[in-house]
Protein chains: 2
Amino acid sequence: MGRPRKFDETRVLTAVMNMFWQRGYEATSTRDLAETTGMGLSSLSNAFGDKRQLYLRALRRYYETNTAVQTELLEQPGPVKDRVRNLMVQAIDIDLANPPSSGCLIINASIEMANTDPEVAQEVRRHFTTVERALRAALAEGQRSGEITRDQDAVALTHHVLSSYYGLRVLARVQPDRAALMNVVDTMLAKL
Amino acid sequence: MGRPRKFDETRVLTAVMNMFWQRGYEATSTRDLAETTGMGLSSLSNAFGDKRQLYLRALRRYYETNTAVQTELLEQPGPVKDRVRNLMVQAIDIDLANPPSSGCLIINASIEMANTDPEVAQEVRRHFTTVERALRAALAEGQRSGEITRDQDAVALTHHVLSSYYGLRVLARVQPDRAALMNVVDTMLAKL
DNA sequence: CCAGTTTTGGTTCACGTGATCTAAAAACCG
DNA sequence: CGGTTTTTAGATCACGTGAACCAAAACTGG
């Protein structure tokens with residue numbers, strides 16, 4: 001009934017997510033966002049709200065895309081160790097890409113904003129919880145089938161694997177040696 | 001020969017480091033820094049250079065203080081596993097402190113700036129390299145004494161432990177449960 | 001005392017920033 | 001056509017920002 005929108009919401013949110021991912025919240029200006037989306041400042045603001053709300057939308061977009069991919073990798077059929085391995089290989093692929101990657105948007109957000117913005121903290125927690133749940137389900141399945149050690153319960157084991165996974169993402173920034181990173185993965189998996 | 005300085009360099013750099021650590025580079029203004037140090041804008045600038053140079057000085061201050069503590073923990077006499085454990089317990093203590101901690105300045109810097117600023121990247125690398133070296137020396141010692149498995153060489157083992165260590169720092173942000181984190185540490189150590 | 005040097009304490013400059021405002025465009029309906 | 005609504009396209013506002021500028025203070029040496 002009013003003028004139709006000229007932009008595609010998904011495409012815009014993806015562009016916004018990518019820019020926040022690459023630059024972080026503070027170093028990204030609303031004019032940067034307008035430019036990367038090809039929209040005017042007020043159009044962006046009218047459609048999505050202020051800068052912070054755009055950021056929250058970007059985090060939710062990440063949840064729909066990257067978080068979903070991560071949980072899917074864990075939910076595939078097949079040996080659990082292969083699934084966990086796939087999760088980690090995917091992270092290594094991203095982190096060693098050229099041009100240099102910006103790691104994981106959620107980790108970045110947890111560092112930059114989660115301490116001061118409760119709603120960002122909530123989006124961060126949602127992502128982590130989702131991945132953790134998928135991983136725990138997979139590991140529990142592996143324990144039931146005997147593929148994976150029953151030394152500890154699935155919850156503790158999940159934390160253990162998560163710590164390796166997140167550490168891998170940090171390590172990839174300073175040790176961009178694929179063989180070394182893959183070795184970390186394989187060592188960890190061999191001990192499950 | 002000119003007017004004497006009124007500030008204590010170490011105290012100022014520590015205050016600057018703490019503020020950058022808490023807020024990140026972009027979200028910290030030069031006026032914030034002036035206020036936290038009790039110095040005027042031009043005094044700060046005349047003494048230390050522009051904002052970016054202050055940041056580099058903060059990273060170096062971190063190296064002299066926190067990085068040094070980390071390597072000392074690894075270089076202490078006594079069982080190697082205890083030393084590694086001490087390193088991780090220290091991290092957990094920091095990360096679970098109240099008010100909420102800002103994690104590790106170097107990890108934060110690697111995410112916020114190391115992709116775009118070569119000199120920051122260099123300071124980041126220096127920190128990581130120093131900790132890695134100390135850890136490798138400790139692990140190699142543990143292998144020689146038979147305390148630690150010889151399944152893999154010390155370099156690969158170092159990467160493995162580092163990935164757990166850095167992951168622990170990320171995990172602590174979203175899973176602030178001391179027992180769970182300690183369990184990750186003890187599980188990892190038990191498998192060395 | 002004066003000149004020179006360094007530091008301090010403010011002030012100001014030239015932009016950049018997030019957000020607001022305004023008018024026109026693009027649609028629909030009666 | 002006029003009225004209404006939503007969106008677009010610019011422009012502008014009120015601050016905030018990093019850094020430069022200026023004068024006075026505090027020291028040394030001749």
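In the text below, chain A, chain B and the rest are named by the order of the sequence lines, each starting its count at 1.
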N/O donor-acceptor pair under 3.5 Å between A:S45 side chain and A:L41 backbone: no

Can you say whether a donor on the side chain of A:S42 sits under 3.5 Å from an acceptor on the base of D:dG10, or the other way round? yes

Nearest nucleotide by nearest heavy atom, which residue falls closer to the 5' end of DNA chain D, B:S45 or B:G2? B:S45

Whole-Å gap separating P (C:dT6) and CZ (B:F7): 14 Å

What is the distance from CG of B:L33 to C1' of D:dG18, rounded to the nearest Å? 11 Å

In whole Å, what is the span from the CZ atom of A:F48 to the P atom of D:dT8? 9 Å

Whole angstrom is fine here: how far is it from CD in B:E26 over to C1' in D:dG18? 11 Å

Looking at A:R144 and A:E141, is there a salt bridge between them, counting it only when a charged N and a carboxylate O are closer than 4.0 Å? no

Does C:dT8 have its OP1 or OP2 closer than 4.0 Å to a side-chain nitrogen or oxygen of B:K6? no

To the nearest angstrom, how far is B:L41 atom CG from C:dT7 atom P? 17 Å

Output the rounded distance in Å from CG (B:L44) to C1' (D:dA20). 15 Å

Would you please confirm or rule out a distance under 4.0 Å between OP1 or OP2 of D:dT7 and any side-chain N or O of A:R5? yes

Would you mind telling me which residue lines up with the more 5' stretch of DNA chain C, A:G49 or B:M39, judged by nearest nucleotide? B:M39

Among D:dC27, D:dA25, D:dT8, the one nearest any side-chain atom of B:P4 is D:dC27

Quick one: are the ring centres of A:Y25 and A:F20 less than 6.0 Å apart? yes

Suppose we call a contact any N or O donor and acceptor under 3.5 Å apart; does that hold for the side chain of A:R31 and the base of C:dG18? yes

Atom CD of B:E35 to atom P of D:dG16: distance rounded to whole Å? 13 Å

A:R3 has a side chain; which of C:dA26, C:dT20, C:dT8 sits nearest to it? C:dA26

Residue pair B:D186, B:K81: steps toward the salt bridge (Lys or Arg N to Asp or Glu O under 4.0 Å) verdict: CA-CA 10 Å; B:D186 292 330; B:K81 284 190 183 185; over 6 Å; no

Counting N and O atoms only, with roles assigned by atom type, does the side chain of A:D32 sit under 3.5 Å from a partner on the main chain of A:S29, one being a donor and the other an acceptor? yes

Reckon B:N46 touches a base, only the sugar-phosphate, or nothing at all at heavy-atom distances under 4.0 Å? base

With a 4.0 Å cut-off on heavy atoms, is A:S29 in touch with a base, just the backbone sugar-phosphate, or nothing at all? sugar-phosphate

C:dT7 C1' sits how many Å from B:D8 CG, rounded? 16 Å

